[in-house]
Amino acid sequence: MDTSQSATKEYESKYPSSHVAEDQVRFTKDEAGLDYIEIENRHATAKLALQGAHLMHWHPKHTAQPVLWMSEQSRFEPGRSIRGGIPLCWPWFGAHPTDSSLCMHGFARVTPFSVIDIGQMYNGNTRVILQMKQTENSQRQLSYPYTLTMTIEIGATLSIKLSTTNRATQPFFMGEAFHTYFNVSDVEKVSVSGLDNTEYADKLLDYWRGTQEGDLTFNQEFDRVYVSTKTAVKIHDPAFNRDIVINKKGSSTTVVWTPWQKKAHQMADMAKDDSWRKMLCVETANAMENLVMINPGYTHILAVEYSVESV
Ligand SMILES: O=P(O)(O)OC[C@H]1O[C@@H](O)[C@H](O)[C@@H](O)[C@@H]1O
């Protein structure tokens with residue numbers, strides 16, 4: 001029996017009542033013990049890690065190139081975040097507001113999730129519902145009771161919903177983001193529209209505040225948090241003959257980041273070549289003054305839909 005068969009058997013015995021779309025889904029496990037779900041349906045291929053509900057690959061069949069970028073040097077280890085794809089930042093974005101010893105971008109991206117359901121949709125899409133497990137590490141960092149559920153629908157478009165329910169008796173504040181690494185032809189040859197006239201904090205200038213004029217283009221390290229913006233954003237990539245369209249709901253912040261060579265080469269999980277040029281992060285977020293307050297018993301949903309248009 002190969003690793004994927006035994007992982008599937010293990011899954012079936014754990015989740016006997018789940019509606020598994022067997023011909024679309026394969027469960028695998030690597031040597032480090034991380035679990036993955038590989039999906040192929042008539043619209044797309046995808047792969048996700050259960051640690052961090054982390055989508056690593058999505059390639060709609062109507063486009064020549066995958067949409068998500070993954071670092072070839074990414075490490076796959078329990079408790080370590082994966083470089084590329086869609087890391088999930090929760091329940092804070094960036095550094096923890098009061099305790100710098102806690103991990104950057106929150107603990108969700110290094111916490112295992114359980115499978116709640118996997119099913120085939122009427123339109124041929126595959127929907128995966130995952131819920132974050134409570135671990136000693138997560139409880140140490142957030143003692144409030146909550147439920148965090150991620151719903152990922154894989155098709156010609158990709159829809160992701162992160163739902164946070166406050167199960168405590170007092171309100172709680174949180175930051176969050178889908179920290180998506182997009183696969184681009186060359187970061188210097190793409191532009192981003194949809195943020196014209198939007199206020200931003202520039203992390204490279206100690207959070208200096210400015211207002212965006214026109215489309216974004218990139219010729220050096222770029223790290224800006226665009227605040228109080230709910231608009232759709234497009235990545236125009238003429239060399240790949242496509243636009244990537246990012247439509248969002250429940251998000252008031254968009255973060256745009258490219259490390260450029262020096263920073264990319266300082267990162268242990270990025271290659272010391274030019275592969276950083278093939279990525280651009282456009283993150284659907286709630287951060288800074290757009291933190292979300294959830295009242296007891298209420299649920300907040302952060303949602304995004306990615307689609308690819310030929311140009
Ligand atoms: O290395 P990490 O923790 O995944 O963060 C990567 C980047 O994430 C971006 O969202 C931040 O704006 C950057 O400042 C940061 O460098």
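Computation of the quantities below employed the complete heavy-atom set of this structure, encompassing side-chain atoms and omitting hydrogens, waters and symmetry-equivalent molecules. Order of appearance sets the numbers: ligands from 1, and atoms from 1 within every ligand.
Residue pairs meeting the salt bridge (Lys or Arg N to Asp or Glu O under 4.0 Å) criterion with at least one member in residues 48-72, sequence neighbours excluded: Glu40-Lys61.
Of all the heavy atoms of Arg109, the ones lying under 4.0 Å from any atom of ligand 1 belong exclusively to the side chain.
Between Glu221 and Trp260, the shortest heavy-atom distance links the atoms N-CB, 3.5 Å.
Put simply, the side chain of Leu88 does not reach to within 4.5 Å of the side chain of Glu176, judged on heavy atoms. Contact annotation: the side chain of Trp92 never approaches that of Phe173 to less than 4.5 Å [non-hydrogen atoms, C-beta and beyond]. Within the 4.5 Å cutoff, no side-chain heavy atoms of Ser71 are placed close to those of Met267. The side-chain heavy atoms of Ile82 and Pro87, taken from C-beta on, include no pair separated by under 4.5 Å.
Heavy-atom contacts of Phe93 reach the following atoms of ligand 1: 10 (O) (cutoff under 4.0 Å). Taking a cut-off of under 4.0 Å to the non-hydrogen atoms of Glu283, the atoms of ligand 1 that pass are 9 (C), 10 (O). Of all the atoms in ligand 1, the ones that sit under 4.0 Å from a non-hydrogen atom of Met104 are 3 (O). Numbered from 1 in the order shown, with element, the atoms of ligand 1 that lie under 4.0 Å from a heavy atom of Asp223 read 11 (C), 12 (O), 13 (C), 14 (O).
Regarding atom 16 (O) of ligand 1, its nearest protein heavy-atom neighbour is Lys263 NZ, 3.4 Å. Counting protein heavy atoms only, atom 5 (O) of ligand 1 is closest to His105 NE2, 3.5 Å. Looking only at heavy atoms of the protein, atom 8 (O) of ligand 1 is closest to His179 NE2, 2.7 Å. The protein non-hydrogen atom at the shortest distance from atom 6 (C) of ligand 1 is Trp257 CH2, 3.6 Å.
Closest heavy-atom approach to atom 11 (C) of ligand 1 among the candidates Glu221, Arg83, Lys203: Lys203.
For the side-chain hydrogen bond (donor to acceptor under 3.5 Å, both in side chains) with Lys248, the lone residue among Thr253, Thr254, Thr284 that qualifies is Thr254.
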